[in-house]
Amino acid sequence: MPELPEVETTRRGVEPYSRGCTVETLVVREPRLRWPVPDDLPDRLRGQLIEAVERRGKYLLFRTASGSLMVHLGMSGSLRVQDRAEPPLQHDHVDILMHEGHCLRFNDPRRFGSFLWLPHGESHPLLSHLGPEPLSGGFDGDYLYRRSRGRRGPVKSLVMDGKVVVGVGNIYANEALFLSGIHPARAAGRVSRARYGVLAEHIKRVLTSAIEQGGTTLRDFVGGDGKPGYFAQQLFVYGRGGQPCKRCGATLREVRIGQRSTVYCVACQR
DNA sequence: CGCTGACCCTGACGGC
DNA sequence: TGCCGTCAGGGTCAGC
């Protein structure tokens, strides 16, 4: 389940094998992804030079002169550098083949991922309403505070709302709220400006550290057997419901907020 | 506009 | 052993 750090790790992993390369073709074995892969996508990409590999939220953007290939990994997708002679396995839905010989292979058991086209100079409806990047200067406590006023839903839902800020998935929302001492179910509008400052800092910190961690698995990833890893030993709450809080020893509670599993410490988080 | 819940999908897992 | 229900979760969207 890729979160922003895994997507950024993927971006860095595939960039050396795609930027500056020319697309030979796109092989679509299974077009039924989150949205159907457009029929004309291979034609649009064929012969195009990849000028850059960018990321917006959890979308990967392979930029060419005529537009960008938008790839989303969904929650079970991966994009790996592979030998094109390697026979495709189950759920290997798409290959991006380069004239230089490289093959980027997209595997996605649950097919929540997507391959879409963004014409040059246009905005895409899936991108146009996205909030700021969490690691950018535009994202800070004052911003979160402003966006939270009048909102009565849980603060956890606020930070996971892509229209507020992109790329904060369930794992890191749980972790950042724990590190900030904020109860995940607290009404967003009833969290102080100061506490939003703390929360914004922890969101940045936890994402940055996860990206650095992802960097250490980059070689594996390019090699093909890449397990993301999640630096599980560093997780304070996610996946630890019923276990003792690493800070105070109290039993961590698990509830559902917005259909997502939420773990927190009743003593440390208010 | 804000919030809730349904939905897309497959694999893992527990109970019987 | 195998069947079945449940859960997992990124993100969009309909409906209130």
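Order of the sequence lines sets the chain letters (A, B, ...), proteins ahead of strands, with each chain counted from 1. Quick note: numbers below take in every heavy atom, side chains included, and nothing from hydrogens, waters or symmetry partners.
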Testing the 3.5 Å rule here: is there a donor-acceptor pair between the side chains of [X] and [Y]?
| X | Y | result |
| --- | --- | --- |
| A/S68 | A/R63 | no |
| A/S261 | A/E254 | yes |
| A/D108 | A/S76 | yes |
| A/R147 | A/Y143 | yes |

_With nearest nucleotide decided by heavy atoms, which residue, A/L130 or A/R110, maps closer to the 5′ end of DNA chain C?_
A/R110
The side chain of [X] is closest to which nucleotide in this list: [options]?
| X | options | answer |
| --- | --- | --- |
| A/M160 | B/dA6, C/dA8, C/dG10 | C/dG10 |
| A/E254 | C/dG9, C/dA8, B/dG11 | C/dA8 |
| A/P109 | B/dG11, C/dG10, C/dT12 | B/dG11 |
| A/Y238 | B/dA6, C/dA8, B/dC8 | C/dA8 |
| A/R111 | B/dC9, C/dG11, B/dG2 | B/dC9 |
| A/Y59 | C/dG10, C/dT12, B/dT10 | C/dT12 |

*Is the shortest side-chain N to carboxylate O distance from A/E8 to A/R55 below 4.0 Å?*
yes
For [X] and [N], is the shortest distance between a side-chain N/O and OP1 or OP2 below 4.0 Å?
| X | N | answer |
| --- | --- | --- |
| A/Q90 | B/dG11 | yes |
| A/Y172 | C/dG9 | no |
| A/R32 | B/dC9 | no |

*asked:* Check for me whether the distance between the ring centres of A/Y264 and A/F178 falls short of 6.0 Å.
replied: no
_Between C/dG11 (P) and A/W35 (CH2): distance, integer Å_ = 10 Å
_Quick check on the hydrophobic clustering: are A/I211 and A/I171 connected, directly or via other members, by side-chain heavy-atom contacts under 4.5 Å?_
yes
*Base, sugar-phosphate, or nothing for A/L33, non-hydrogen atoms under 4.0 angstrom?*
nothing
*Between the base of C/dA8 and the side chain of A/R260, is there any donor-acceptor pair under 3.5 Å?*
no
*What bend angle does the helix from B/dG2-C/dC16 to B/dC16-C/dG2 show across its length, from five-pair end axes and to the nearest 10 degrees?*
50°
